[in-house]
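What follows is one structure encoded as structure tokens, with my remarks underneath.
As the structure lists them, so they are numbered: ligands from 1, and atoms in each ligand from 1. For clarity, every value in this text was computed on a predicted model and none was experimentally measured.
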Amino acid sequence: MRPLDYKDGVLKLIDQTRLPTEYVTVDCRTFEDAARAIRDMIVRGAPAIGVTAAYGIAIGALGIVTESKDDFFRQLDVICNVMRNTRPTAVNLFWAVDRVLKKALDNKNKSIQDIKDIIVMEAYRMDTEDVEVNKSIGRNGNELIKPGDTILTHCNAGALATCDYGTALGVIRAAHDSGKNINVFADETRPYLQGARLTSWELQQDGIPVTLICDNMAGHFMKAGKVNCVIVGADRIALNGDTANKIGTYSVAVLAKENNIPFYVAAPVSTIDFDMKTGDGIPIEERKSEEVTHIKGIRIAPEGVSVLNPAFDVTPSRYVTAIITEKGVVYPPFDTNIRKLKQT
Ligand code: MRU
């Protein structure tokens, strides 16, 4: 299942705001369309927004009309900045923008048309690479799963959040496909309900046994011995292993430690921010209050109530058992072991 598909200057996205009740797609024909799709969460999930930004830049670059190389790069810079300003937490977005821009600059001696083609090719390469990376994460993570395990996950780190296959759900897919008879508990993930709307739908599509629970039920099931491990995705991992992920992940990690349950983070190396020493510096997106006061447009809280809506939290690395990447499973001490990923 792919949430995005690029062809001839048009990026088609599954509108994830409408799932699971409606399956509709949205066409992005301008870079502004792609930026809006990220901001409005038509597409979401760290790797998927990174690749959407890359395609958005490609679409923007194709639309630049100029004979001057300086002007081309000036306009390209503007487009890149629009992409950078869509969402602040997932580092994959910034990684993707920087990678596309660097590719263009490395080829600045070529013709403008050639540079445009190179940008499109780079976005396409990132798209296909992401799928391979997720399959490697799946294979590496599968080693940690025992037959019959019940795995709890939070938010949606699945095919819908990537270019296909998923990270946390990639491990779950690999375990399922290898016949381990696993079960999944999907946290509903208030307020945006990625678990209820997206993870349970995505797993159902693939016939993977999934049970939807409310966020506040996780501790109950852990204490009852019904959860063997937790696997979540990540939006940004600091050098010391502190991990930003969907709001509520921190609570799940604390509960897992209290109940002696392994807590795994599954993420590509592109989710590691090698410039960020600890999680304290990770910017946390604050989203609009209506996401908390309303469900599907229906008010559930009194008018005028004060609301806070941070979209992510940071789990301190002491709660993380291991980080599953495409390059292998990384264990503590994260300070030294994460740095090694940059060199390999
Ligand atoms: O706000 P979202 O839906 O973009 O948040 C998504 C998450 O927090 C995911 O767990 C994370 O991006 C990893 S996706 C492979």
So W201 and Y23, would you call those rings parallel, tilted or perpendicular, with 30° and 60° as cut-offs? tilted
Minimum distance, heavy atoms only, to atom 13 (C) of ligand 1: which one of A234, G45, G158 is it? A234
Identify, by atom number and element, the atoms of ligand 1 in contact range of A157, meaning under 4.0 Å from any of its heavy atoms. 14 (S), 15 (C)
Let me confirm one number: the CD1-CE distance from I49 to M41, rounded to the nearest 0.5 Å. 8.5 Å
Within reach of ligand 1, part of Y192 (heavy-atom separation under 4.0 Å): neither
Cluster question for you: counting only ILVMFWY and a side-chain heavy-atom cut-off of under 4.5 Å, with indirect links fine, are V91 and V97 together? no
Return the closest protein heavy atom for atom 14 (S) of ligand 1 as residue, atom name and distance. A161 CB, 3.5 Å
For T17 and D15, test the side chains for any donor-to-acceptor distance below 3.5 angstrom and give the result as yes or no. yes
Can you figure out which of T271, N245, T199, T249 has its heavy atom closest to atom 9 (C) of ligand 1? N245
Are V265 and N245 packed together at the side-chain level, in the sense that at least one heavy-atom pair is separated by less than 4.5 angstrom? no
For ligand 1, is there an atom lying under 4.0 Å from some heavy atom of H154? no
Within the 4.0 Å heavy-atom cut-off, what C155 brings close to ligand 1 is side chain
For L255 and F221, what are the C-alpha separation, side-chain angles and deciding distance, and is it a side chain to side chain contact (heavy atoms under 4.5 Å, CB included)? CA-CA 10 Å; L255 284 169; F221 288 115; over 6 Å; no
Taking 4.0 angstrom as the limit and counting only heavy atoms of R87, give me the atoms of ligand 1 inside it, by number and element. 1 (O), 2 (P), 4 (O)
How far is atom 7 (C) of ligand 1 from its nearest protein heavy atom, and which residue and atom name does that atom have? D235 OD1, 3.3 Å
P47 to ligand 1, any heavy atom closer than 4.0 Å: yes
With the side chain counted from C-beta on, respond yes when N240 and F334 share a heavy-atom pair under 4.5 Å apart, and no when they do not. no
Roughly how far, to the nearest 0.5 Å, is the CD atom of E32 from the OG1 atom of T30? 4.5 Å
For A46, is at least one N or O under 3.5 Å away from an N or O on ligand 1? yes
With heavy atoms only and a cut-off of under 4.0 Å, state how K246 meets ligand 1: side chain, backbone, both or neither. both
Nearest non-hydrogen protein atom to atom 15 (C) of ligand 1, with distance, is T167 OG1, 3.2 Å
Mind checking whether K226 and F185 have side chains closer than 4.5 Å, heavy atoms only? yes
Distance-only polar pair, side chains of N156 and R44, donor-acceptor under 3.5 Å: yes
Say whether M41 and ligand 1 are in contact under the criterion: heavy-atom distance to a ligand atom below 4.0 Å. yes
Ligand 1 atoms nearer than 4.0 angstrom to some heavy atom of Q194 are 1 (O), 2 (P), 3 (O)
